[in-house]
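Here's the structure, in structure tokens; my notes come after.
Computed from a predicted structure; not experimentally measured. Sequence positions, counted from 1, serve as the residue numbers for this chain.
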Amino acid sequence: MRSALGRRRFEWQLERTPVSGRGEPVALGTEYGGWMVPAALIKPGWICYCAGAGADISFDLALLERFDVRVQSVEPVEQYVQAAREAAAGEPRFAAQRAAIATTDGPLRMQRTHNPDGQALSSADLFDTHEFVEVPGRTLASLARELGHPRVDLFKFDLEGGEYEVIPQLDLAALQIKVLAFQLHHNRGPRAARRVIEHLEKNGFETVAIKPAVKLTFARRDLLGA
């Protein structure tokens, strides 16, 4: 009960984060699996990494269809990886790999969800269980190098609480990231969440859109114009 109340309070506060609305944000994907992206910025041929989609890759497929980009899905749950490949139905611009985005390469201990209908995993003690599994952990930079991607234009991720560790360690300039979209979770509280937002703003990003529950989208300020 306390966890549920804390989550609702967290969402109420963070979903009031000011957004600029610049870059022509549009919603892609289903209500559950969808995200906002700045349509005016995305170009054909962009390399887009989508991490932690779970069973719903509607956003990934909509991104492909609307913008003619390349999508690399990254997901720690093997069943979801296989489901993503089946849903993509041989689409050549789509690929899926089993891994969890982390701060270092190597085995990562992840907690299983308490939801009996789900298979989500968290490296940040987000769930109310004592069940764990080990999965391959990869930094975004090393995974992109291995897959032969010279840059990551768009990085969308749901790390089930792990975002507080991963975001500060992203080398945004070296990866050439132009758009970031991610979900903030209540495991660290509103102050930590605001520090993440401030960190990105100090590194030249602007909050352009938000979607429940606390799915924030950032774009590089210099690309949005004056």
Side-chain angles (χ1 to χ4, degrees), residues 1-21 25 27-37 50-59 74-77 79-80 99-104 108-135 137 140 155-170 179-203 205-218:
M1 178 66 72
R2 185 178 299 172
S3 177
L5 289 172
R7 184 182 70 249
R8 286 196 290 270
R9 188 179 301 113
F10 174 87
E11 292 172 357
W12 186 87
Q13 292 185 40
L14 268 295
E15 286 176 4
R16 282 153 179 76
T17 299
V19 300
S20 71
L28 299 179
T30 62
E31 183 64 27
Y32 172 76
W35 298 75
M36 303 285 288
V37 294
C50 297
D56 187 338
I57 65 162
S58 58
F59 170 80
V74 185
E75 167 61 50
V77 179
Q79 294 93 322
Y80 288 157
I101 297 296
T103 57
T104 59
L108 184 66
R109 186 172 183 256
M110 301 192 78
Q111 181 187 41
R112 294 185 185 274
T113 180
H114 53 265
N115 179 1
D117 298 321
Q119 299 182 61
L121 300 174
S122 171
S123 63
D125 198 29
L126 181 67
F127 303 126
D128 297 325
T129 71
H130 298 286
E131 297 181 33
F132 296 88
V133 64
E134 192 174 89
V135 303
L140 179 62
F155 183 30
K156 185 275 295 181
F157 52 99
D158 180 355
L159 302 185
E160 303 290 4
E163 61 274 9
Y164 296 101
E165 301 293 334
V166 168
I167 291 173
Q169 295 199 22
L170 288 174
V179 174
L180 280 165
F182 56 88
Q183 187 169 26
L184 284 169
H185 295 81
H186 68 287
N187 55 307
R188 289 289 188 87
R191 289 184 180 179
R194 292 192 184 99
R195 284 196 294 270
V196 167
I197 295 169
E198 291 168 1
H199 167 76
L200 292 173
E201 290 175 343
K202 289 177 181 177
N203 281 273
F205 283 78
E206 180 177 306
T207 316
V208 297
I210 188 168
K211 182 182 187 299
V214 200
K215 291 182 173 182
L216 295 162
T217 303
F218 292 77

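Once rounded to the nearest 0.5 Å, the distance linking OG1 of T104 with CD of E165 reads 10.5 Å. Interatomic distance, E206 CD to E201 CD, rounded to the nearest 0.5 Å: 8.5 Å. In this structure, the separation between CZ on R188 and NE2 on H186 is 12.5 Å, given to the nearest 0.5 Å. Taken to the nearest 0.5 Å, the CG atom of L126 stands 7.0 Å off from the CD atom of Q111. In this structure, OG in S123 is found 11.5 Å from CZ in R109, a value given to the nearest 0.5 Å. Interatomic distance, CE of M110 versus CD of E131, reported as 14.5 Å (0.5 Å rounding).
Taking the centre of each ring, F218 and F182 come in below the 6.0 Å mark.
Closest approach of F127 and S122 over heavy atoms only: CE1-CB, 3.6 Å. Of all the heavy atoms in G118 and T113, the pair that sits closest is O-CG2, 3.5 Å. Minimum interatomic distance between T207 and P18 (heavy atoms only, all atoms of both residues): CB-O, 3.8 Å. Closest non-hydrogen pair, F10 versus P190, comes out as CD1-N, 3.7 Å. When all heavy atoms are compared, the tightest approach of M36 to A209 is CB-CB, 3.7 Å. The minimum heavy-atom distance linking T217 with V37 is given by the pair CG2-CA, 4.2 Å.
Q183 places no side-chain N or O within 3.5 Å of a backbone atom of V214 that could act as its donor or acceptor partner. When atom types are taken as modelled, the side chain of S58 and the backbone of T30 share a donor-acceptor pair closer than 3.5 angstrom. Panel note: side chain E163, backbone H185; a donor-acceptor pair is recorded below 3.5 Å.
Under the 4.5 Å side-chain criterion, counting only non-hydrogen atoms from C-beta, D158 is in contact with W35. Counting only heavy atoms from C-beta outward, the side chains of K211 and E31 approach each other to under 4.5 Å. The shortest distance between side-chain heavy atoms of E11 and P212 does not fall below 4.5 Å. Two residues are said to be in side-chain contact when any heavy atoms from C-beta on lie closer than 4.5 Å; L184 and Y164 meet this criterion. Side-chain contact between E134 and L108 is absent, with no heavy-atom pair separated by less than 4.5 Å.
Relative to the ring axis of W12, R16 places its NZ or CZ within 45° and under 6.0 Å from the centre.
Remark: R194 CZ is packed, more than 12 non-hydrogen atoms of other residues, nucleotides or ligands lying under 6.0 Å away.
Of the N and O atoms on the side chains of Q169 and T103, not one donor lies less than 3.5 Å from an acceptor on the other residue.
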Item to complete: Evaluate the side-chain contact (heavy atoms from CB on, under 4.5 Å) criterion for residues T17 and L14: first the C-alpha distance (whole Å), next the side-chain angles of each, then the deciding distance (0.1 Å), finally the verdict.
Response: CA-CA 5 Å; T17 299; L14 268 295; 3.9 Å; yes

Worksheet entry | Worked verdict on R195 versus H199 for side-chain contact (heavy atoms from CB on, under 4.5 Å) | CA-CA 6 Å; R195 284 196 294 270; H199 167 76; over 6 Å; no

Discussion item. Test side-chain contact (heavy atoms from CB on, under 4.5 Å) on L121 and E160; report intermediate values, then the result.
Written reply: CA-CA 7 Å; L121 300 174; E160 303 290 4; over 6 Å; no

Discussion item. Test side-chain contact (heavy atoms from CB on, under 4.5 Å) on L180 and F157; report intermediate values, then the result.
Written reply: CA-CA 8 Å; L180 280 165; F157 52 99; 3.7 Å; yes

